[in-house]
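Notes follow the structure.
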Amino acid sequence: MGFMDKLKNRFKQNEETEEVSKKYQEGMKKTRNSFSGKLNDLIARYRKVDEDFFEELEEVLITADVGVTTVMDLVEELKMEVKRQNIKDTNGIKDVISEKLVEIYYGDDEPLIEKLNIKEKELSVILVVGVNGVGKTTSIGKLAHQLKQQGKNVVLAAGDTFRAGAIEQLEIWGERAGVTVIKQSAGSDPAAVIFDGIQAAKSRNADVLICDTAGRLQNKVNLMNELAKVKRVIEREVPAAPHEVLLVLDATTGQNALSQAKTFSEATDVTGIVLTKLDGTAKGGIVLAIRNELKIPVKYVGLGEQVEDLQEFDANAFVYGLFANIAVEE
């Protein structure tokens, strides 16, 4: 049984996993159509797996924004695997590529790296960072809604005090999700808002406090200093917090998202990525570039507009979504 067959069986096990698989297939349509079309074309033109084939495969992967470094790593692994399995023609290569993509994503880590670090019976603090316009506040709202559905007592802190309308936007999401929003007036000190949020979360015996933060100040240095200050307040008030620092990135910006991730991870020890608008891009390979080059797991992906379309990331479902129509054809 090939790797793709194993994935297919895995996602057909029950209604829940089949639903996840459908969401990924639907949400990754643009990336899949671009990627699998080019891959099928490549396989049709080459009968033998040779150096020319690998060169063109590199190009296909780079255009999906998998990232040059990751593509080189992947192609090296593929060459070794092709040799090991003695694969001569291109028909057997799809399975090997899909398997290697999953392996590259997980590396030596446990497949549970996507899970949020939520503590039982104590306050968990999630700090959410990212530039303006990536869907940060919306992602916080959707995450709050999902945690509330899981029975968690959630509080939000409106720490993005500089962007016009950010506090009101978070309040709207708070109402939708049925969770408390702690705020001060626009232009207030973000660290003071987060401090208030922590006190409110403690007094309400909250399970989770999600902190929104500024996405843009006068310059990058100011922004990073502000985030470092917020982080210090959290560390002082809640031992071992923040339990997660989630960086929200817009998948449609491709390699630009990768450079944002580098900048933020230098300032705030990012523990996970929330990748929004994956359904709106043909460059979904950025997921693999982020993971392989920055060693930061993608924890959530946005696969549509609905609340439930913010999905816990699953590398197996991602790769199946990438190869789904190839698997169907076979």
Side-chain angles (χ1 to χ4, degrees), residues 3-4 7 20-21 23-25 27-39 42 54 56-81 93-114 246-262 264-265 270-303 311-324 326-327:
F3 184 70
M4 284 304 291
L7 286 187
V20 168
S21 168
K23 282 207 169 113
Y24 272 87
Q25 285 179 58
M28 290 186 61
K29 202 181 276 177
K30 284 188 180 177
T31 297
R32 180 172 63 253
N33 289 348
S34 166
F35 176 76
S36 61
K38 287 172 185 166
L39 188 61
L42 185 60
F54 280 119
E56 286 210 39
L57 178 62
E58 281 177 13
E59 275 181 45
V60 169
L61 291 162
I62 286 168
T63 56
D65 254 16
V66 174
V68 178
T69 312
T70 308
V71 169
M72 297 307 167
D73 292 348
L74 177 61
V75 169
E76 277 309 305
E77 294 260 339
L78 285 172
K79 284 178 180 174
M80 282 159 57
E81 196 60 30
I93 199 81
K94 292 173 188 172
D95 235 31
V96 181
I97 294 170
S98 54
E99 190 164 8
K100 285 292 160 197
L101 285 172
V102 171
E103 277 179 24
I104 266 199
Y105 184 84
Y106 285 119
D108 298 326
D109 287 313
E110 292 292 315
L112 291 174
I113 50 167
E114 297 102 347
L246 298 181
L247 170 60
V248 183
L249 297 172
D250 178 343
T252 63
T253 63
Q255 290 296 308
N256 188 29
L258 195 62
S259 61
Q260 280 176 30
K262 284 177 183 162
F264 275 94
S265 56
V270 174
T271 57
I273 302 288
V274 178
L275 195 63
T276 63
K277 309 175 198 175
L278 192 59
D279 57 314
T281 181
K283 294 178 176 288
I286 194 66
V287 167
L288 296 153
I290 288 166
R291 174 71 186 134
N292 193 45
E293 293 176 37
L294 299 178
K295 308 293 181 254
I296 302 170
V298 176
K299 302 245 176 181
Y300 284 89
V301 287
L303 298 171
Q311 280 284 314
E312 261 188 21
F313 184 67
D314 178 328
N316 287 292
F318 173 82
V319 168
Y320 189 68
L322 199 56
F323 285 83
I326 297 179

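In what follows, every heavy atom counts, from backbone to side chain, and hydrogens, waters and symmetry copies are set aside.
- Within the 4.5 Å cutoff, no side-chain heavy atoms of Glu56 are placed close to those of Val60.
- We find the CG-OH distance between Asp314 and Tyr320 to be 13.0 Å, quoted to the nearest 0.5 Å.
- A heavy-atom distance below 4.5 Å is not found between the side chains of Lys94 and Met4.
- In this structure, the side chains of Val102 and Phe3 come closer than 4.5 Å at one or more pairs of heavy atoms.
- Separating the CD atom in Gln311 from the OH atom in Tyr300 is a distance of 9.5 Å, to the nearest 0.5 Å.
- The aromatic ring centres of Phe313 and Tyr105 sit less than 6.0 Å apart.
- A donor-acceptor pair under 3.5 Å is absent between the side-chain atoms of Ser34 and the main chain of Lys30, judged by distance alone.
- Side chain of Ser36 to main chain of Leu322: no donor-acceptor pair is present (N/O by atom type, distance under 3.5 Å, no hydrogens or angles).
- Side-chain contact between Ile93 and Leu57 is absent, with no heavy atoms from C-beta onward closer than 4.5 Å.
- A distance of 10.5 Å separates CD1 in Ile290 from OG in Ser265, rounded to the nearest 0.5 Å.
- Counting heavy atoms from C-beta on, the side chains of Arg32 and Tyr24 never come closer than 4.5 Å.
- Between Ala289 and Val66, the shortest heavy-atom distance links the atoms CB-O, 2.9 Å.
- One finds the CG atom of Leu101 at 7.0 Å from the CG atom of Leu61 (value rounded to the nearest 0.5 Å).
- Annotation: side chain of Gln255 is in contact with side chain of Ile286 (closest heavy-atom distance under 4.5 Å).
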- request: Decide side chain to side chain contact (heavy atoms under 4.5 Å, CB included) for Met28 and Phe323; before the verdict, give the C-alpha distance in whole Å, the side-chain angles of both, and the deciding distance to 0.1 Å.
  value: CA-CA 10 Å; Met28 290 186 61; Phe323 285 83; over 6 Å; no
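- Here the closest heavy-atom approach between residue Gly272 and residue Val270 is recorded as O-CG1, 3.3 Å.
- The backbone N or O of Leu7 sits nowhere less than 3.5 Å from a side-chain atom of Asn316 that would complete a donor-acceptor pair.
- Take Glu293 and apply the side chain to side chain donor-acceptor pair (under 3.5 Å) test, not counting sequence neighbours, and it matches Thr70.
- With rounding to the nearest 0.5 angstrom, the CD1 atom of Ile296 is 7.0 Å from the CG atom of Leu247.
- Contact between Val298 and Glu114 at its shortest, heavy atoms only, is O-CG, 3.6 Å.
- Under the rule for a side chain to side chain donor-acceptor pair (under 3.5 Å), the partners of Asp250 that lie at least two apart in sequence or sit in another chain are Thr252, Lys277.
- Remark: Ile113 CD1 to Arg291 CZ distance equals 3.5 Å, nearest 0.5 Å.
- In this structure, Thr31 and Gly284 approach most closely via the heavy-atom pair OG1-N, 3.0 Å.
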